[in-house]
4 protein chains.
Amino acid sequence: MPPQPARRSERSRRAILAATQELLTESGYAGLTIESIAARAGVGKQTIYRWWRGKGAVVLEAIAEHLPEATALPDTGDLRADLRGVVRATVAEFADTGASAVTRTLTVEILVDDELAGEVRDRLLRPRLEGVRARLEAARAAGQVRADAPLDQVVELVFGPVYHRWLLRTSPFTESYADALAKLVMTAVTPAGR
Amino acid sequence: MPPQPARRSERSRRAILAATQELLTESGYAGLTIESIAARAGVGKQTIYRWWRGKGAVVLEAIAEHLPEATALPDTGDLRADLRGVVRATVAEFADTGASAVTRTLTVEILVDDELAGEVRDRLLRPRLEGVRARLEAARAAGQVRADAPLDQVVELVFGPVYHRWLLRTSPFTESYADALAKLVMTAVTPAGR
Amino acid sequence: MPPQPARRSERSRRAILAATQELLTESGYAGLTIESIAARAGVGKQTIYRWWRGKGAVVLEAIAEHLPEATALPDTGDLRADLRGVVRATVAEFADTGASAVTRTLTVEILVDDELAGEVRDRLLRPRLEGVRARLEAARAAGQVRADAPLDQVVELVFGPVYHRWLLRTSPFTESYADALAKLVMTAVTPAGR
Amino acid sequence: MPPQPARRSERSRRAILAATQELLTESGYAGLTIESIAARAGVGKQTIYRWWRGKGAVVLEAIAEHLPEATALPDTGDLRADLRGVVRATVAEFADTGASAVTRTLTVEILVDDELAGEVRDRLLRPRLEGVRARLEAARAAGQVRADAPLDQVVELVFGPVYHRWLLRTSPFTESYADALAKLVMTAVTPAGR
DNA sequence: TAGTAAGCGAGACGGTACGTCATGTCTTAAC
DNA sequence: GTTAAGACATGACGTACCGTCTCGCTTACTA
């Protein structure tokens with residue numbers, strides 16, 4: 001018999017998500033266990049298993065709970081400036097220890113659990129990419145971007161390198177790094193004659 | 001007292017790494033246990049713990065064992081063609097199920113164990129990046145790349161997007177995708193006047 | 001948090017004690033392991049560790065489970081005959097392979113684990129000694145035993161030699177041996193004038 | 001090929017037996033391991049296994065090494081006094097913590113390993129019993145002991161109760177206890193007319 | 001007096017069992 | 001009738017010792 005969401009205890013749900021977040025920052029993803037979540041939340045283990053598929057799903061929801069809403073990119077008319085803004089913001093986020101830990105957790109989850117991967121991608125990441133893509137479309141309409149530029153790939157050109165550097169910890173994240181990246185992307189997409 | 005490598009059994013070492021590779025392809029990283037490795041290799045658990053820090057370290061070495069040597073990039077004089085070659089090869093590798101599983105494993109390890117991360121980066125990944133960087137330097141000397149291009153970032157511009165697409169499984173890996181990426185990178189680095 | 005006996009599974013308890021008894025007769029005390037008990041009983045190791053301190057405690061309880069209740073000695077009025085009966089029974093028990101194995105196990109446990117020793121002594125052995133002591137008291141009241149005989153020591157005079165012979169395997173256990181021992185004890189306690 | 005005793009290192013033998021004794025008093029029989037003996041003695045494990053069958057055999061030899069020679073009983077002509085002496089000495093020995101530990105070890109060994117049991121009995125215990133038996137024979141020849149008394153059983157009448165009390169820790173060992181026991185035995189063996 | 005075979009310290013090896021931990025399921029009592 | 005609590009079977013963890021094995025080294029007998 002599947003559980004009836006109508007009877008679900010909101011109190012328990014909140015306690016579980018809160019406990020998960022606390023334990024995540026205290027002991028990291030690897031040190032997190034269902035048992036510790038249940039104990040901290042003052043909840044039976046069964047209550048967790050009844051409503052989530054496992055550790056990954058709980059963590060995902062706990063993170064999603066407190067994630068900023070994906071906001072549309074500002075459009076100042078100046079693509080270079082707007083891109084620089086996105087890149088700087090992204091770089092700053094990856095440089096931040098806390099946010100970085102969250103991303104690490106999500107990335108592991110993506111790699112390990114195919115089912116969760118889809119959810120993470122669609123609920124948390126896609127919106128961001130879409131924001132940039134929308135801005136690029138507007139710019140292309142305004143003739144600031146080559147007509148033949150593959151916009152999805154350009155979006156990846158923006159985020160991919162940051163992700164890569166973060167993952168491999170090859171070099172630090174500075175503002176000048178962000179600006180150089182934005183410049184490279186601009187060069188790649190600016191129409192020939194400009 | 002630390003173990004003395006002089007007395008180490010090469011036979012056991014090989015058996016362990018071979019068993020690890022087999023089990024990795026059979027049951028994946030999550031399903032891999034030290035006990036199963038020991039059983040399959042016909043080896044005592046202690047022999048594994050004596051020489052490796054844990055599952056991650058064994059896997060890392062097992063993978064490293066059979067990884068192709070990082071080869072220097074071919075330099076045909078035509079940067080565009082050479083870049084296209086690298087990108088195509090990289091894309092093909094990520095598209096391959098087996099190689100992809102290996103990369104997945106390594107990436108998880110990087111995210112989860114800081115100590116291993118460094119080793120993975122230095123022993124397995126850095127050489128590849130260095131190969132591309134060297135080729136770019138040669139091209140810059142030949143005037144085929146802007147003098148002010150930040151080469152490390154250009155390297156990331158090549159690999160980052162592929163990594164990003166692979167991670168998020170946003171779209172499939174095709175040859176035309178690879179070529180479009182190579183073209184974007186070329187556009188970003190080609191000197192203005194050309 | 002100590003376990004709550006109220007929730008204890010009687011089914012598991014029985015299975016564990018039964019498995020212990022089987023394995024004890026099959027492979028002896030030294031060959032007995034917690035893992036084998038758990039496997040045979042179809043029980044998790046933790047369930048054993050939750051309710052017992054270790055191998056010794058389980059064995060003790062398994063033995064106690066099926067031990068005959070300590071019965072009061074018959075009092076026929078003839079002390080000599082009654083004593084002969086006890087000694088013969090004791091000797092017979094020590095001569096029996098199965099019962100002997102149990103005693104061996106208990107004795108080792110007594111020697112090795114002080115905490116268990118007390119329990120074994122009080123729950124299993126003391127009652128027997130008390131039975132003989134009670135019979136001796138009755139006999140003393142009837143004038144069949146010296147008034148100044150130290151009864152506790154007389155009890156030891158009955159069991160001690162049997163234990164000693166069993167332990168050292170010096171000579172076999174025969175009925176005539178038993179009778180000779182009973183006679184010696186009788187001689188030691190019978191009042192002078194008789 | 002069996003080892004050649006001629007080449008045996010006396011130095012190692014001594015070190016092993018000394019280490020065994022130390023560890024026996026420090027951590028008891030159960031806590032004793034071959035590895036700890038080897039480490040403490042500065043000796044390879046193989047050297048132990050070459051010359052002994054296992055833990056029990058080493059312990060046995062270590063104990064035998066420092067055991068007082070079995071001395072013949074004094075014969076003062078007064079059996080009662082001589083018996084009292086033996087019993088007092090035995091009781092004192094069992095009351096002593098150190099000697100008691102040794103006896104405990106030996107007893108466990110007897111119970112657990114049949115092969116060792118024989119050796120322990122013959123090399124360590126039998127001589128004592130023989131001493132008492134010899135004294136009793138002399139007494140019987142002198143008419144101080146019933147002609148029909150089964151001397152082997154009388155010997156057990158002396159030692160058995162002490163052993164029993166020690167094993168079960170039922171009551172403390174005092175001098176008056178010893179004397180009462182000696183008196184009981186005397187009563188059991190003294191010829192009727194005396 | 002050299003050569004050589006044994007014993008030696010050391011410790012790696014394949015194993016077994018340990019006692020602990022977390023998993024996901026099942027049971028009980030209380031609200 | 002869902003919950004908190006927690007016992008349960010399962011199975012991996014990392015450790016401790018087992019008894020065997022192989023290394024060089026030292027030592028004492030043999031040629």
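Here is how names work: the chains are called A, B, and so on, in the same order as the sequence lines, proteins then strands, and each is numbered from 1. Values in this document were obtained by computation on a predicted structure and should not be read as measured data. No hydrogens, no waters, no symmetry mates; every other heavy atom, side chains included, goes into these values.
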| Between B:Trp52 (CH2) and E:dC13 (C1'), how many Å, whole number? | 13 Å

| Rounding to a whole Å, what distance do you find between D:Arg13:CZ and E:dG9:P? | 14 Å

| field | Main-chain N/O of A:Ala101 paired with A:Thr105 side-chain donor or acceptor, under 3.5 Å | value | yes

| query | Nearest heavy-atom pair of B:Ser12 and B:Thr47: which atoms, and what distance? | reply | CB-CG2, 4.3 Å

| field | More than 12 heavy atoms of other groups within 6.0 Å of C:Arg169 CZ | value | yes

| said: Quick check: on DNA chain F, is the nucleotide nearest D:Arg53 upstream (toward 5') of the one nearest C:Arg8, or the reverse? Name the residue that is more 5'. | reply: C:Arg8

| task | Take atom CG of C:Leu23 and atom C1' of E:dA17, then tell me their distance rounded to the nearest Å. | result | 14 Å

| message | Contact list please: residues 30-46 of chain C against DNA chain F, heavy atoms, distance less than 4.0 Å, in numerical order. | response | C:Gly42, C:Val43, C:Gly44, C:Lys45

| request: Indicate for each nucleotide in nucleotides 26-31 of chain F, in 5' to 3' sequence, whether protein heavy atoms under 4.0 Å reach the base (B), only the sugar-phosphate (S), or nothing (-). | output: ------

| query | Between E:dG11 and B:Arg50, is there an OP1 or OP2 to side-chain N/O distance shorter than 4.0 Å? | reply | no

| Do you see a donor-acceptor pair shorter than 3.5 Å between the side chains of D:Ser100 and D:Thr103? | no

| Gap between atoms OH and C1', on B:Tyr49 and E:dC18 respectively (whole Å) | 14 Å

| What heavy-atom pair brings B:Ala62 and B:Gln21 nearest, and what distance separates the two atoms? | O-NE2, 3.5 Å

| Tell me: CD of B:Gln4 to C1' of F:dC25, nearest whole Å? | 14 Å

| field | A:Arg121 side chain to B:Leu168 backbone, donor-acceptor under 3.5 Å | value | yes

| query | Looking only at side-chain N and O atoms, does B:Ser12 come under 4.0 Å of OP1 or OP2 in E:dG14? | reply | yes

| query | To the nearest Å, how far apart are D:Glu10 CD and E:dG7 C1'? | reply | 14 Å

| field | Euclidean distance, atom CH2 of residue A:Trp51 to atom P of E:dG24 [Å, nearest integer] | value | 18 Å

| task | Give the minimum heavy-atom separation between C:Tyr29 and C:Lys55, together with the two atoms involved. | result | O-NZ, 3.0 Å

| If you look at every heavy atom in D:Ala19 and D:Arg40, which pair is closest and at what distance? | CB-CG, 3.5 Å

| field | B:Arg7 NZ/CZ over B:Trp51 ring centroid, <6.0 Å and within 45° of normal | value | no

| Spacing of B:Ile48 atom CD1 relative to E:dA12 atom C1', expressed in whole Å | 14 Å

